[in-house]
**Student:** 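Please read through the structure below; I'll follow up with questions.
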Number of protein chains: 2
Amino acid sequence: MTVTLRDVADLAGVSFKTVSNVINNHPHVAADTRAKVESAIERLGYRPNRSARSLRSGRTGAIGLAVPELSLAYFAELADAVITVAEERETVVLIEQTGGDPRRELEALHGARRQMTDGLLFSPLGLGNEDAGVLAVDFPLVLLGERIFDGPVDHVTMENVDAARAATEHLLAGGRRRIAVIGAHEGEVIGSAGLRLSGYRSAIEAAGIPYDDALVVDAGPWHRRNGAEAMRRLLDRGVSFDAVFALNDELALGALRVLREREFRVPEQVAIIGFDDVDEAQYSLPSLTTVDPGRREIARLAVDLLLERIQGADTRPPQQIRSHFGIVARESTDPLA
Amino acid sequence: MTVTLRDVADLAGVSFKTVSNVINNHPHVAADTRAKVESAIERLGYRPNRSARSLRSGRTGAIGLAVPELSLAYFAELADAVITVAEERETVVLIEQTGGDPRRELEALHGARRQMTDGLLFSPLGLGNEDAGVLAVDFPLVLLGERIFDGPVDHVTMENVDAARAATEHLLAGGRRRIAVIGAHEGEVIGSAGLRLSGYRSAIEAAGIPYDDALVVDAGPWHRRNGAEAMRRLLDRGVSFDAVFALNDELALGALRVLREREFRVPEQVAIIGFDDVDEAQYSLPSLTTVDPGRREIARLAVDLLLERIQGADTRPPQQIRSHFGIVARESTDPLA
DNA sequence: TCATGGGGTTACAACGTTGCTAGTCTGACC
DNA sequence: GGTCAGACTAGCAACGTTGTAACCCCATGA
């Protein structure tokens, strides 16, 4: 039924161990032996059995990716990028959705699925810096996102503060002075919300504009519906503003929807900028200016770092790596005439 | 280092095979033996080794999901649903992206990754009905989508024709008479495009409206950008229309963007309906009427069918299963006053 | 009393691979 | 000519699990 090393060996007239040597590119295999074996492999359509290989070697050739949920465009596009990079490295990706629930995030770290992978790319949402201890695990782990910074592990993240500052400066450069923020998380210091908010704050204060609480709206999860709802709350407060910095694109698109519903002209009356550069941002009306946080770069850096740790080649202390960001200017922030 | 059956057996004072029997719920294990073994398992934190189990039993406990790309919201949301259902069945999902490329789709069917899974959920895009033969594989396979209907395999799909007819009727009921179609694929008979177009056609003809080629616009891949571009082509043709049926939501959102750019009032001058009910459809402006094709139902049916085939419990001939659809009426098709 | 049967448990042999070790052979060197 | 290094190949023993078949023992019925 299934073709094994032994079958190949019989056909090639060598021992099955020699076939194994050929497959694993051992040195000291004579060229003609290698040729014989390879043609036998070809003839029989031999494929190494991954379970047997894993059992013996302790490697699975797979990595895990734990994210909140694929329905969020950012994570879907991140997963896309991770899978694509991993494929180039002959590695498969096993996706787990945690829903941002701390309990399920812990399970992603310690659950039974870990056995099926050699390491994990972990993007927590429910766990925070106070949980950094749980990251002390005995398998290769690369942390993504901005929920935890004090963990004893490699961490690939984006330049949240600098990028948020740049986003805010982009609005300021367009002549805006009263810039609202959508998507804050009350009291959060680190975490995407806290970091981006602090970037915002440093930009406006550098421009001599005082920070105004009334312009900052909390939102729960960063879905469109929460962006819409937050914008409604902001409008209902009756404060005036001429720009909005939504802390991610989904929030921005939800907020944009409400702005236009209430017949604000965007960008003439209100400019809006998002964060993430999801594909969709190009196709809203107006198209959405946003921050490209370097998603593909993050995927590449994270996968490569994880694979190096798995191979044991990399024995450096835990790394903190940041991707490069850029402002993608589109219609939603066209400067005032 | 790792805890094995033997360690548990030693602690419990039984043979390692008895431990195996306990774990696999074999009948004929005395209650007190079971208790002893279970407490030993607990004490040592024993976890069965999946590679060893796979090697011996031939089962991996994983299924594959091959889709064009996760960046397309429909597939991201489908993957979300599949992973969620599979998790409830203690099964992990291994996602492969084919990019809709026939070569990579074939690889998904025959490639090395198949070894890591017990079966495959396969949503082709590049392969068509003429390739049905390649689906004759020796592992459990459940086909998704509407590219291939003549395959010798289980197939879970949506009611494309009926749903498209209902979508068109929804527009007709709103008083629209000149309904354009965006996203056709020239000459396609089956496939989502072909089927949905034929549903459209049967609806308008039943309403006594002749089919007009000038109203039907081709588009390549169903991305926003193609929807936008197709809408531009349609407008450039100079034909008049009072409604648009976009064959999926992404096309609809791209088209909507162009309509509003060109200052059409939606839905007053032009109504638009999509297909898929992606999350985003609720947050566009105007919100997008669409067809809910029963994505969660598809995921559940497909996973359960695949798992039954894997267990060998299901020996029926290949099944054709269809999910239930519904029209989700939103602002973009508000009826004419 | 002895065969019978079945509950409960166990020994043994795989599953297909790789790490380690040991071997054989050739050619070069002193 | 003998020794030795190095190139090349092979044998054995795991890795941790499950299927098969066998075992023991006690209760039952003849």
**Student:** Using the heavy-atom set of chain A and a strict 4.0 Å cut-off, write down the first and last nucleotide of DNA chain C that makes it in, 5' to 3'.
**Tutor:**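 It runs C:dG16 to C:dC20.
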**Student:** Among B:L141, B:I63, B:L94, which residue meets the side-chain contact (heavy atoms from CB on, under 4.5 Å) test with B:L120?
**Tutor:**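 When side-chain contact (heavy atoms from CB on, under 4.5 Å) is applied between B:L120 and each of B:L141, B:I63, B:L94, only B:L141 qualifies.
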**Student:** D:dT18 phosphate, OP1 or OP2: any side-chain N/O from B:N24 under 4.0 angstrom?
**Tutor:**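 For D:dT18, OP1 or OP2 has a side-chain N or O of B:N24 closer than 4.0 Å.
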**Student:** Let me know the distance between NE2 of A:H26 and C1' of D:dG6, rounded to the nearest Å.
**Tutor:**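 Whole-Å distance recorded here is 17 Å.
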**Student:** Check the distance between D:dC24's P and B:H28's NE2 and give it to me in whole angstrom.
**Tutor:**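 Atom NE2 in B:H28 sits about 19 Å away from atom P in D:dC24.
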**Student:** Please list all pairs meeting side chain to side chain donor-acceptor pair (under 3.5 Å) that have one or both residues in residues 43-54 of chain A, counting only residues at least two apart or in different chains.
**Tutor:** none
**Student:** Just grab all the side chain to side chain donor-acceptor pair (under 3.5 Å) pairs involving residues 125-135 of chain B, residues at least two apart or on different chains.
**Tutor:**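 Pairs touching residues 125-135 of chain B that pass the test: B:N129-B:D150.
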**Student:** Expected output is a numbered-order residue list: members of residues 30-39 of chain B with a heavy atom under 4.0 Å from any atom of DNA chain D. What is it?
**Tutor:**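 None, since no heavy atom is under 4.0 Å.
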**Student:** For B:L70 and B:Q97, which heavy atoms make the closest approach, and how far apart are they?
**Tutor:** N-OE1, 2.8 Å
**Student:** Roughly how many Å is it from CZ in A:R50 to C1' in D:dT17, rounded to a whole number?
**Tutor:**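 That distance rounds to 20 Å.
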**Student:** I'd like to check the salt bridge (charged side-chain N to carboxylate O under 4.0 Å, His left out) partners of B:R114; sequence neighbours left out, ordered by chain and number.
**Tutor:** B:E96
**Student:** Are the side chain of B:R147 and the backbone of B:L125 linked by a donor-acceptor contact shorter than 3.5 Å?
**Tutor:** yes
**Student:** Between B:S15 and A:L55, which residue's closest nucleotide on DNA chain C lies nearer the 5′ terminus?
**Tutor:**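 The residue whose closest nucleotide sits nearer the 5' end is B:S15.
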**Student:** Starting at atom CD1 of B:I41, determine the distance to atom C1' of D:dT17, rounded to an integer number of angstrom.
**Tutor:** 13 Å
**Student:** If I compare all heavy atoms of B:P152 with all of B:L135, which pair ends up nearest, and what's the gap?
**Tutor:**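 Minimum heavy-atom separation between B:P152 and B:L135: CD-CB, 4.0 Å.
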**Student:** Within the 3.5 Å criterion, strictly below it, is a donor on B:H324 or B:E297 matched to an acceptor on the partner's side chain?
**Tutor:**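 Their side chains do contain a donor-acceptor pair, which is all the 3.5 Å distance test asks for.
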**Student:** Counting only heavy atoms not in A:E88, do more than 12 sit closer than 6.0 Å to its CD atom?
**Tutor:** yes
**Student:** What I want to check is whether the side chains of A:E77 and B:S71 have a donor and an acceptor closer together than 3.5 Å.
**Tutor:** no
**Student:** Could you work out how much the helix from C:dT1-D:dA30 to C:dC30-D:dG1 bends, comparing the axis of its first five pairs with that of its last five, to 10°?
**Tutor:** 60°
**Student:** Hey, does B:T18 reach any base, or is it just sugar-phosphate, or nothing, if we go heavy atoms under 4.0 Å?
**Tutor:**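 Touches a base.
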**Student:** Under 4.0 angstrom, heavy atoms only, what part of the nucleic acid is A:T4 near: base, sugar-phosphate, or nothing?
**Tutor:**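 Result for A:T4 = sugar-phosphate.
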**Student:** Can we say B:D276 and B:R295 salt-bridge, meaning some charged N sits less than 4.0 Å from an Asp/Glu carboxylate O?
**Tutor:**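 Looking at B:R295 together with B:D276, the answer is no, because their closest N to O distance does not fall below 4.0 Å.
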